[in-house]
Amino acid sequence: MRKILMAISSMILSLSATEAIAANASPMVRIAEIEVDPDQLAAYKAILAEEQEASVRLEPGVLMLHSVAIAAQPNQIRLLEVYADRAAYEAHIRSSHFVKYKTSTERMVRSLKLIETTPILLCAKAAADSKSLVPTCR
């Protein structure tokens, strides 16, 4: 199941990046550094997973959301966020699922740092058909 979700995610990234290129838009990429109360980590991760899945599934401008935990400090979460453009990001933070995430986790999050970036090259493998993956870069 995880491999299928990853393939779908890559395909969405590829298609949305192609649409962004066609519209001559510049993707917005940011990194979020989040410190979560260790006693609430399991609950936080469940809420985050629900929000990420809804964002990628429902919002065409959300190209990719990846979350990881620092191995030696599992309450240190990092998000890599890729949006088609700034307007897509603005729509994302107004979405009902994002607002639910923010209000549900506000007491769980000890600190949040948002890092704006300048994309150099965004690459992913997308399913060209049901049997092969093709690298796509933007």
Side-chain angles (χ1 to χ4, degrees):
M1 182 65 162
R2 193 169 219 19
K3 287 183 181 180
I4 292 170
L5 290 175
M6 291 299 290
I8 291 169
S9 175
S10 294
M11 187 168 31
I12 289 169
L13 173 60
S14 175
L15 293 174
S16 298
T18 301
E19 291 167 3
I21 292 168
N24 209 16
S26 177
M28 178 182 165
V29 180
R30 79 159 59 199
I31 297 167
E33 296 180 344
I34 303 167
E35 179 182 355
V36 177
D37 176 352
D39 294 334
Q40 299 187 63
L41 186 58
Y44 174 83
K45 287 165 56 175
I47 295 166
L48 175 63
E50 180 182 310
E51 191 280 327
Q52 280 185 256
E53 186 280 329
S55 295
V56 172
R57 180 172 44 84
L58 298 172
E59 298 180 61
V62 176
L63 305 183
M64 181 179 66
L65 295 174
H66 290 280
S67 57
V68 297
I70 304 299
Q73 297 173 301
N75 69 315
Q76 296 289 325
I77 308 296
R78 301 298 182 262
L79 304 177
L80 177 62
E81 309 172 18
V82 182
Y83 305 94
D85 53 27
R86 169 112 2 230
Y89 168 73
E90 297 293 337
H92 168 68
I93 62 174
R94 289 189 308 269
S95 70
S96 61
H97 46 271
F98 181 79
V99 171
K100 178 183 174 186
Y101 158 79
K102 286 298 279 186
T103 58
S104 299
T105 62
E106 68 184 339
R107 291 199 167 111
M108 299 175 179
V109 174
R110 289 184 172 171
S111 68
L112 168 64
K113 180 179 179 184
L114 299 175
I115 303 168
E116 298 297 325
T117 71
T118 302
I120 297 170
L121 184 64
L122 305 174
C123 293
K125 290 185 180 174
D129 57 38
S130 62
K131 297 179 183 175
S132 65
L133 295 177
V134 178
T136 304
C137 296
R138 161 73 165 102

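This chain uses plain numbering: 1 for the first residue, then up along the sequence.
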>> Quick check: do Leu65 and Leu79 have side-chain heavy atoms less than 4.5 Å from each other?
In response: no
> Same hydrophobic cluster for Val99 and Val56, using side-chain heavy-atom links shorter than 4.5 Å among ILVMFWY?
Replying inline: no
>> Please tell me whether Val68 and Ile115 are part of a single hydrophobic cluster in this structure, the criterion being side-chain heavy atoms less than 4.5 Å apart.
In response: no
> Is there a side-chain contact between Glu50 and Lys100 (heavy atoms, below 4.5 Å)?
Replying inline: yes
> With side chains defined as the heavy atoms from C-beta onward, is the minimum distance between Pro27 and Leu122 less than 4.5 Å?
Replying inline: yes
> side-chain contact (heavy atoms from CB on, under 4.5 Å) between Arg78 and Ile70: does it pass, once the steps are laid out?
Replying inline: CA-CA 8 Å; Arg78 301 298 182 262; Ile70 304 299; 4.0 Å; yes
>> Whether the side chain of Asp37 engages the backbone of Met108 through a donor-acceptor N/O pair (distance < 3.5 Å, no angle test) should be reported.
In response: no
> At their closest point, which heavy atom of Ala84 faces which heavy atom of Leu63, and how far apart are they?
Replying inline: N-CG, 3.7 Å
> Val62, Leu58: one ILVMFWY side-chain cluster at the under-4.5 Å cut-off?
Replying inline: no
> If you group Ile, Leu, Val, Met, Phe, Trp and Tyr by side-chain heavy-atom gaps below 4.5 Å, do Leu114 and Leu48 land in one group?
Replying inline: yes
> Does the side chain of Glu59 come under 3.5 Å of the side chain of His97 through a donor N or O and an acceptor N or O?
Replying inline: yes
> Do Ser111 and Ile34 have side-chain heavy atoms sitting under 4.5 Å apart?
Replying inline: no
> Quick one: CD on Gln52 to CD on Glu81, what's the gap to the nearest 0.5 Å?
Replying inline: 8.5 Å
> Any side-chain heavy atom of Met28 sitting closer than 4.5 Å to one from Glu116?
Replying inline: yes
> Taking side chain as C-beta onward, heavy atoms only, is Tyr44 less than 4.5 Å from Ile77?
Replying inline: yes
>> I'd like to know if the side chain of Ser104 reaches the main chain of Tyr101, judged simply by a donor and an acceptor atom lying under 3.5 Å from each other, with no hydrogens or angles considered.
In response: no
>> Under the criterion side-chain contact (heavy atoms from CB on, under 4.5 Å), I'd like the reasoning laid out for Glu35 against Gln73: C-alpha separation, chi angles, the key distance, then a yes or no.
In response: CA-CA 9 Å; Glu35 179 182 355; Gln73 297 173 301; over 6 Å; no
> Minimum heavy-atom separation for Ile47 to Thr105, with atom names?
Replying inline: CG2-CG2, 3.6 Å
>> Is any side-chain heavy atom of Tyr83 closer than 4.5 Å to one of Glu90?
In response: no
